[in-house]
There are 2 protein chains.
Amino acid sequence: MTRKAEAADMHYGELKTPDRLRRRASRLLSQVSTQSDRLMNEGLGRVDARKWHYAVLASLQEHGPGSQATLSRRTGIYRSDMVGVLNELAERDLVERVPDLDDRRRNVITITAQGRRHLRRLDKVLDDLHDELLAPLTAAERDQFVQLLTRLLDHHTQ
Amino acid sequence: MTRKAEAADMHYGELKTPDRLRRRASRLLSQVSTQSDRLMNEGLGRVDARKWHYAVLASLQEHGPGSQATLSRRTGIYRSDMVGVLNELAERDLVERVPDLDDRRRNVITITAQGRRHLRRLDKVLDDLHDELLAPLTAAERDQFVQLLTRLLDHHTQ
DNA sequence: GTACTAACGTTAGTCTCACTAACGTTTCTG
DNA sequence: CAGAAACGTTAGTGAGACTAACGTTAGTAC
């Protein structure tokens, strides 16, 4: 083997990701999802929020007040995790949490005026972040992408 | 308000996910990715493997032996996590880990015959799992999906 | 040749997210 | 009226992404 070949050999495959790995949809999904999460968390972090905050506020705005269990079902956040999220939102006066007089097992969660203002801000932040996330795709491709993901999600959640 | 209206009202928005949430690409990505991860981990778990095992074995098969740091770069697995993965693979005699005599900081990791056999099995398992994952999409749509994801990933990793 | 820097393998630890188990309380159902 | 189910809450698990630090070894600059 020549010197050159040896040198080339030393670097051969040093950074290359195997093709069979790179092409797997599951791997692509998890990598892109990780990037997406990082992007969203950084952006939302800058306005003292995280994605769970947005989910809860959007749910309250769109479908009205509800119990913690209801919010849990609407957002997909586990009810055990919901406790902490609502603590954070209540601390910031973005939601109000009061005992339900008609059913004393429950709390009624309501969005506040400040919460609505915050939600509008988050919506703008997220719009920008999604522009960044989907930057390499055309408008038509973005629609296609969202549609494919939606079909996959629907299929795997019945 | 009639009885019926009251009853309907009680269930109003109980399970509905808000539209602005459901349509966000970031949310779709993380949900589909979670489903995908669950599917892959369950399937690989049945043959005593997990996705990191596949990544390392595929990298060894495709680009030959390498140090732990090299494998780390090829697979995207952190070198601190690589230690444990290689312990698991070595325990199962799927790879061999020997000190590099030319550079005593390094270990040289090599895939064994048994490792190659195992990798072939994992490839089949993963093919089936991906069929399940992408079931609602046509062949053309699957290609499109992979292509869109690849472009996003490339863009966000330079 | 001797300092400085960098790379290596390893241990330990952080954070987020998805998810389970168990608890006391309250409400619904048979 | 008894048992099952729903509620909010606390605690804990496990995987994955990621950081910090340590001792050892190798390459680089003077």
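Throughout, a chain's letter reflects where its sequence line sits, starting with A, and its residues are numbered from 1.
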Taking 4.0 Å as the cut-off, does a side-chain nitrogen or oxygen of [X] come that near to OP1 or OP2 on [N]?
X: A:Arg105; N: C:dT27; answer: no
X: B:Tyr78; N: D:dA17; answer: no
X: A:Arg104; N: C:dG24; answer: no
X: A:Arg38; N: D:dC18; answer: yes

request  = Using only heavy-atom distances, decide whether a donor-acceptor pair under 3.5 angstrom links the side-chain of B:Asn107 to the base of C:dC8.
outcome  =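 In this structure, the two groups form no donor-acceptor pair.
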
ask   = Side-chain donor or acceptor of B:Arg79 under 3.5 Å from a matching atom on the base of C:dG9?
value =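 Checked by distance alone, the answer is yes.
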
inquiry  = Would you compute the distance between atom CD of A:Glu62 and atom CZ of B:Arg20 and round it to the nearest 0.5 angstrom?
reply    =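 Answer rounded to 0.5 Å: 5.5 Å.
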
query = Between atom CG of A:Leu126 and atom CG of A:Leu44, what is the distance when rounded to the nearest 0.5 Å?
reply =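 Between A:Leu126 CG and A:Leu44 CG, I get 5.0 Å after rounding to 0.5 Å.
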
Nucleotide [N], atom [atom2] - distance to [atom1] of [X] in whole Å:
X: A:Asp100; N: C:dT25; atom1: CG; atom2: P; result: 19 Å
X: A:Asn87; N: D:dA11; atom1: CG; atom2: C1'; result: 15 Å
X: A:Gln68; N: C:dT25; atom1: CD; atom2: C1'; result: 14 Å
X: A:Leu101; N: C:dT27; atom1: CG; atom2: P; result: 11 Å
X: A:Gln31; N: D:dG16; atom1: CD; atom2: P; result: 13 Å
X: B:Lys51; N: D:dG14; atom1: NZ; atom2: P; result: 18 Å
X: A:Leu86; N: D:dG8; atom1: CG; atom2: P; result: 9 Å
X: A:Arg73; N: D:dA6; atom1: CZ; atom2: C1'; result: 8 Å

inquiry  = Testing the basics here: between A:His118 and A:Ala49, what is the closest heavy-atom pair and its distance to 0.1 Å?
reply    =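 Looking at all heavy atoms of both residues, the shortest contact is NE2-CB, 4.0 Å.
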
query = Starting at the 5' end of DNA chain C, which residue's closest nucleotide do you reach first, A:Trp52 or B:Asp103?
reply =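 Residue closer to the 5' terminus by nearest nucleotide: B:Asp103.
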
query = On DNA chain C, nearest-nucleotide positions of A:Arg50 versus A:Asp102: which is more 5'?
reply =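 First, find each residue's nearest nucleotide; the 5'-ward one identifies A:Arg50.
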
key: A:Ser67 or B:Ile77, whichever maps to the more 5' nucleotide of DNA chain D   =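 On the 5' side of the pair lies A:Ser67.
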
key: Sub-4.0 Å heavy-atom contacts from residues 21-28 of chain A onto DNA chain C, ordered by number   =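 Close to the strand, none.
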
task = Just call it for B:Ser80: base, sugar-phosphate, or nothing, with non-hydrogen atoms closer than 4.0 Å on any strand.
result =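 Answer is base: heavy atoms of B:Ser80 come under 4.0 Å of a base.
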
task = Indicate whether the side chain of A:Ser59 and that of A:Arg74 have a donor and an acceptor atom separated by less than 3.5 Å.
result =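 Looking only at side-chain atoms, A:Arg74 and A:Ser59 do form a donor-acceptor pair, the distance falling under 3.5 Å.
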
message = Assess, by modelled atom type and distance only, whether the side chains of B:Arg92 and B:Gln114 contain a donor and an acceptor separated by less than 3.5 Å.
response =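 No, B:Gln114 and B:Arg92 have no side-chain donor paired with an acceptor closer than 3.5 Å.
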
query = Going through the checks in order, is the salt bridge (charged side-chain N to carboxylate O under 4.0 Å, His left out) test met by A:Arg50 and A:Asp37?
reply = CA-CA 10 Å; A:Arg50 51 188 185 126; A:Asp37 275 356; over 6 Å; no

ask   = Less than 4.5 Å apart, any side-chain heavy atom of B:Glu96 and any of B:Asn107?
value =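 Side chain of B:Glu96 against side chain of B:Asn107, heavy atoms only: no contact under 4.5 Å found.
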
ask   = Going by an N to O cut-off under 4.0 Å, is there a salt bridge joining B:Asp123 and B:Arg120?
value =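 Salt bridge between B:Asp123 and B:Arg120, a charged N being under 4.0 Å from a carboxylate O: no.
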
